Amino acid sequence: MASLSGLCSSSPYLKPKHDRVVIPLFHKYSLAFPTRSNSCSKLSVAGEVSADLSKTNSVGVLKKAKQGGLEKDPKALWRRYVDWLYQHKELGLYLDVSRIGFSDEFVAEMEPRFQAAFKAMEDLERGAIANPDEGRMVGHYWLRNAKLAPKPILQVQIEKTLDAVCKFADDVISGKIKPPSYPEGRFTQILSVGIGGSALGPQFVAEALAPDNPPLKIRFIDNTDPGGIDHQVAQLGPELASTLVIVISKSGGTPETRNGLLEVQKAFREAGLDFSKQVLISGVAYLHVMQGVAITQENSLLDNTARIEGWVARFPMFDWVGGRTSEMSAGIDIREMLVGASMMDNATRSRVFKDNPAALLALCWYWACDGVGSKDMVILPYKDSLLLFSRYLQQLVMESLGKEFDLDGNRVNQGISVYGNKGSTDQHAYIQQLREGVHNFFVTFIEVLRDRPPGHDWELEPGVTCGDYLFGMLQGTRSALYANDRESVTVTVQEVTPRSVGALVALYERAVGLYASLVNINAYHQPGVEAGKKAAGEVLALQKRVLAVLNEASCKEPVEPLTLEEVAERCHAPEDIEMIYKIIEHMAANDRALIAEGDCGSPNSLKVFLGECNLDELYA
Ligand SMILES: O=P(O)(O)OC[C@H]1O[C@](O)(CO)[C@@H](O)[C@@H]1O
């Protein structure tokens with residue numbers, strides 16, 4: 001049986017006190033250990049024997065390896081810090097994984113799997129169908145280096161779109177493109193309508209990179225909540241006339257985004273603004289002469305609508321760019337971000353494990369979460385401008401990794417839960433539990449070294465600045481957590497710039513892709529969300545039936561208030577009585593159904609009808 005004892009002695013981390021853990025590295029030994037399935041791995045690995053390590057259940061092995069606890073000797077820790085420190089010199093980015101307790105045996109065990117993951121990633125970048133469930137390529141890396149695109153036409157499209165977007169942005173800021181109802185002025189506001197990756201990316205980047213006094217202030221409608229939409233429109237006030245509305249929807253068919261579009265169109269009408277001139281375009285990215293831009297996939301539902309109405313220009317979002325990885329597509333301060341992302345992409349192509357920060361991150365995730373999501377990923381940027389990084393990563397990580405089946409059809413219910421906010425603020429919120437409570441997480445600190453632009457700093461007490469406190473809080477929290485065996489990773493950047501933000505996005509996009517290979521799942525589809533969308537459609541269809549039944553009863557002389565059972569029966573949906581009750585409760589709360597008897601607290605006492613009879617509906 002292969003033993004790895006030789007690897008142990010060289011590592012200061014693995015001291016003799018650890019039991020020798022023997023890990024089968026090659027297929028012929030794996031039969032000694034239970035595997036999830038006997039099917040050979042689809043992943044081809046380096047070396048003469050293909051391993052089915054993608055199925056080896058290494059959780060048990062991991063647990064055994066972890067029993068030794070974390071290294072606490074300061075000198076040994078320092079050696080580990082130095083030994084594992086990753087630095088991207090040009091980007092000024094560091095990755096410290098020393099506070100994650102993976103063992104040398106574990107790294108050795110994972111090596112073949114990483115080589116397989118690297119190979120899968122290289123195939124992906126060459127245009128393989130890396131999203132097999134949707135039969136799509138995965139090409140967000142091409143957005144920052146168009147030469148990587150597998151077809152010349154794609155390279156041209158990427159480069160042309162980038163140029164067109166940058167020119168459009170310049171023309172808006174310079175006032176060359178003006179608000180139609182405000183010809184003497186220029187655009188002063190941006191209202192972005194989109195959801196999921198079509199909102200979180202722009203929101204994260206706007207929060208991280210927008211200057212204190214931007215040429216256009218940006219606000220977001222990222223939900224179908226009428227109150228939220230009204231609030232954003234109300235805050236625009238008279239500036240609605242000089243608001244550039246951007247609708248982002250890759251599919252062009254997301255209900256929440258469509259509703260945002262319709263609601264904003266209505267607001268324009270009510271403000272006496274000729275919406276057809278202050279175009280808010282949803283669907284394919286069309287640059288209308290007037291007041292709207294949209295970014296999404298060509299030939300979408302809305303694209304065809306827009307094409308029929310004849311639009312001036314278009315910014316396509318490609319079908320091989322997933323929503324959660326569309327950060328680098330049209331619409332944001334892109335060139336510098338692309339440079340940072342491209343530099344990080346080059347680094348994360350390395351097959352030399354220690355030179356690949358994304359591989360290091362993926363290794364830490366696998367170790368900390370046992371490859372099954374057993375711990376949550378807490379994202380703690382100690383920088384206000386990176387406030388939304390955790391929300392951005394929540395979608396990137398959880399929508400990519402949170403999958404029911406693996407690529408071989410095994411039910412795995414994979415994923416890593418992500419949450420966070422910012423430090424040191426969160427030290428006054430949930431860090432108490434992290435330090436002393438349930439140990440179900442590992443932390444990712446995001447450290448930004450530059451506190452203020454040069455010459456703008458000052459000491460609030462002799463020798464100490466406000467930023468020193470922030471630095472001290474980060475380091476103190478990291479030490480306090482580790483002292484109580486709470487593991488963490490620290491990503492350090494010099495300052496928050498388009499280049500460092502681009503690099504961070506690219507780092508995590510690659511880490512997610514590599515981790516997905518390690519756990520053998522498709523990171524590039526989101527079937528679970530489609531299920532939710534479908535269920536929402538069924539609720540709305542039932543609501544239509546409820547309204548029709550109530551309308552019929554309300555058109556009678558005298559009006560016939562109905563009980564829930566009667567409504568359910570007439571909808572031919574007795575099994576949906578609870579949903580019918582919820583629908584009626586929501587309608588009554590919005591004065592769209594009237595309660596003749598009883599109240600919603602006693603569902604069986606209810607008798608409801610509609611305030612008015614809609615004869616058109618009745619005879620429809
Ligand atoms: O950009 P679209 O097509 O409107 O989709 C919005 C979001 O919905 C999803 O498709 C599902 O959540 C995300 O992947 C995407 O970012």
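Index from 1, following the sequence. All of these numbers come straight from a predicted model, not from anything done at the bench. Atoms within each ligand, like the ligands themselves, are counted from 1 in listed order.
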- prompt: In terms of atom number and element, which parts of ligand 1 are under 4.0 angstrom from non-hydrogen atoms of I195?
  reply: 6 (C), 7 (C)

task: Any chance you could lay out the side-chain contact (heavy atoms from CB on, under 4.5 Å) test for I173 and L216, step after step, and finish with the verdict?
output: CA-CA 8 Å; I173 291 170; L216 290 91; 3.9 Å; yes

Test item: side-chain donor near acceptor, D406 and Q414, under 3.5 Å: no

- prompt: Against heavy atoms of S251, which atoms of ligand 1 measure under 4.0 Å?
  reply: 2 (P), 3 (O), 4 (O)

query: Can you list the atoms of ligand 1 that are under 4.0 Å from a heavy atom of S198?
result: 1 (O), 2 (P), 16 (O)

message: Out of all atoms in ligand 1, which are within 4.0 Å of some heavy atom of K250? Include the element for each.
response: 1 (O), 2 (P), 3 (O), 4 (O)

task: Work out whether the distance between some heavy atom of E256 and some atom of ligand 1 is less than 4.0 Å.
output: no

message: salt bridge (Lys or Arg N to Asp or Glu O under 4.0 Å) for E530 and K534? Distances and angles first, verdict last.
response: CA-CA 6 Å; E530 307 318 320; K534 183 172 173 294; over 6 Å; no

Check: T257 N/O within less than 3.5 Å of ligand 1 N/O: no

- prompt: Between Y515 and R510, is there a cation-pi geometry (under 6.0 Å to ring centre, at most 45° from the normal)?
  reply: no

- prompt: Is there a donor in the side chain of S350 and an acceptor in the side chain of N356, or the other way round, less than 3.5 Å apart?
  reply: no

- prompt: Do any nitrogen or oxygen atoms of E530 come within less than 3.5 Å of a nitrogen or oxygen of ligand 1?
  reply: no

query: Does G197 reach ligand 1 with a nitrogen or oxygen that is under 3.5 Å from one of the ligand's nitrogen or oxygen atoms?
result: yes

- prompt: When the aromatic ring centroids of Y392 and Y508 are compared, is their separation below 6.0 Å?
  reply: no

